[in-house]
Number of protein chains: 2
Amino acid sequence: MKYSKATNYALHTLLFLVVAPEGATIGVQVLAQMQKISPTYLSKVLSKLVKANLIESTTGVNGGYKLLGPKEDVSFLKVIQAIEGTGSLFNCGLKHASPDCLIQQTMAESEMAMEQYLSQKKLVELLQNIDETGLAAIRNTFN
Amino acid sequence: MKYSKATNYALHTLLFLVVAPEGATIGVQVLAQMQKISPTYLSKVLSKLVKANLIESTTGVNGGYKLLGPKEDVSFLKVIQAIEGTGSLFNCGLKHASPDCLIQQTMAESEMAMEQYLSQKKLVELLQNIDETGLAAIRNTFN
DNA sequence: GTAGGGATACTCGGATAATGGGTGTCCGAGTTGACAAGG
DNA sequence: CCTTGTCAACTCGGACACCCATTATCCGAGTATCCCTAC
């Protein structure tokens, strides 16, 4: 029961894309170098974000990734679900007498409490209380 | 990012112990058979619950497991943390300029939203709206 | 009747697979832009 | 000037390997209860 590293990579990459100049496409090499990971692996992670319509990829020279849609719309939940999937965290595989499991039910409710928080929290909000020098730091080191 | 099966086993076992007559010790064989799993593996899972002071084990003939403390105190969170551990679900392993990660911070907040729900939710509450025949069903098939 | 000694029914803990998902690498394929040569 | 061809910089996708936690099994050790026997 841990988030995968891929989720971490995705969130940090997306935070960087939010901070980046609007409409600019950033190469995966740049993104990978900042997180000290392999570019090919990061591209695999980002392809999931493309499928989820969070970002857009352009091939060829000067290609790379950029946000798809307004940056204010990027919530934590969208990113996480794009990587981890939308399935329930808890699956009771037992054969019960009644069709549904009471335990499963409350576990689902607890997940909804978390998802509700994550869906309302946008990546942009992280930048509200940061001055210009702080933004520059994020652009270099992901804060 | 999924709960382990062990958590499922632990929750169902504990729900059964809550329903069981007060003070009775239940053998692991009975508990395992209902969930259709191996008794030796279930005992391994339950040993974690013993370490967490949720249940108590008595060896020897007629031995088994029983609740430790009042059944009204058994929250979902206690069981889950006994199995999954208390660590944070999200760990940003990146070297940042500033000591703490903004992303990590909000992820921790989202976890707290879920944990708050799980800590307030007790296993006993699942039985409130169930009649006596329903309780009997749980005693046989874990509902 | 009472004390002692098995036999039995249990849990506990370590050692040891088997399995599957996360993590990561490699490489070929396809795409785009820049540049140069040739008409 | 315009076209065309080549090259380099990219992403994409599949195939593969590795590592590690989960899941599970097996077995010996310890422990408590019951019963039976002997005195």
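First the proteins, then the strands, lettered A, B, ... as listed; each starts at 1. Because only heavy atoms are used, hydrogens play no part in the values below, and waters and symmetry mates are left out as well, while side chains stay in.
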Short side-chain donor-acceptor distance under 3.5 Å, Ser75(B) and Gln120(B): no
Might you list the N or O atoms of the protein lying below 3.5 Å from N or O atoms in nucleotides 2-5 of chain C, with each pair's distance?
none

Rounded distance [0.5 Å steps], CG in Asn91(A) versus NZ in Lys2(B): 6.0 Å
Nucleotide N/O to protein N/O under 3.5 Å, stretch nucleotides 29-35 of chain D:
| unit_1 | atom_1 | unit_2 | atom_2 | d |
| --- | --- | --- | --- | --- |
| dT31(D) | O3' | Thr59(B) | OG1 | 3.4 |

Side chain Lys78(B), main chain Asp73(B), donor-acceptor under 3.5 Å: yes
Tyr9(A) OH to dG22(C) P, straight-line distance once rounded to whole Å: 14 Å
OP1 or OP2 of dT32(C) under 4.0 Å from side-chain N/O of Thr58(A): no
Tyr3(A) side chain near dT23(C) phosphate (N/O to OP1/OP2, under 4.0 Å): no
side-chain hydrogen bond (donor to acceptor under 3.5 Å, both in side chains) evaluation trace for Tyr117(B) with Glu109(A): CA-CA 8 Å; Tyr117(B) 184 91; Glu109(A) 287 164 10; 2.2 Å; yes
Euclidean distance, atom CZ of residue Phe90(A) to atom P of dT22(D) [Å, nearest integer]: 15 Å
Atom-pair distance (CD on Glu56(B); P on dC10(C)), nearest Å: 18 Å
Between dA24(D) (P) and Lys36(B) (NZ): distance, integer Å: 15 Å
Crowding at CD, Gln33(B) (>12 non-hydrogen neighbours, <6.0 Å): no
Nearest-0.5 Å distance that lies between atom CG in Leu11(A) and atom OG1 in Thr7(A): 6.5 Å
Nearest-0.5 Å distance that lies between atom CD in Gln104(A) and atom NE2 in His96(A): 8.5 Å
Selection from dT23(C), dT11(C), dT11(D) that lies nearest to any side-chain heavy atom of Ala6(A): dT23(C)
Interatomic distance, Asn91(A) CG vs dT23(D) C1' [rounded to whole Å]: 16 Å
Ile80(A) side chain near Tyr3(A) side chain, heavy-atom distance below 4.5 Å: yes
d(CD1, Ile37(A); P, dT23(C)) in whole Å: 11 Å
Between dT23(D) (C1') and Asn8(B) (CG): distance, integer Å: 13 Å
Side-chain heavy atoms of Phe76(A) within contact of Ile103(B), under 4.5 Å: yes
Rounded interatomic separation in angstrom, taking CD1 from Ile83(A) and P from dG24(C): 13 Å
Distance in Å, Ser110(A) OG paired with Glu115(B) CD, rounded so as to fall on 0.5 Å steps: 10.0 Å
Close approaches to DNA chain D from residues 38-52 of chain A, in residue order (heavy atom, under 4.0 Å): Lys44(A)
Any donor-acceptor pair under 3.5 Å from Glu84(B) side chain to Ser4(B) backbone: yes
From dG24(C), dC12(C), dC12(D), nucleotide with atom closest to Lys5(A) side chain: dG24(C)
Donor-acceptor contact below 3.5 Å, side chain Glu125(B) vs main chain Lys122(B): yes
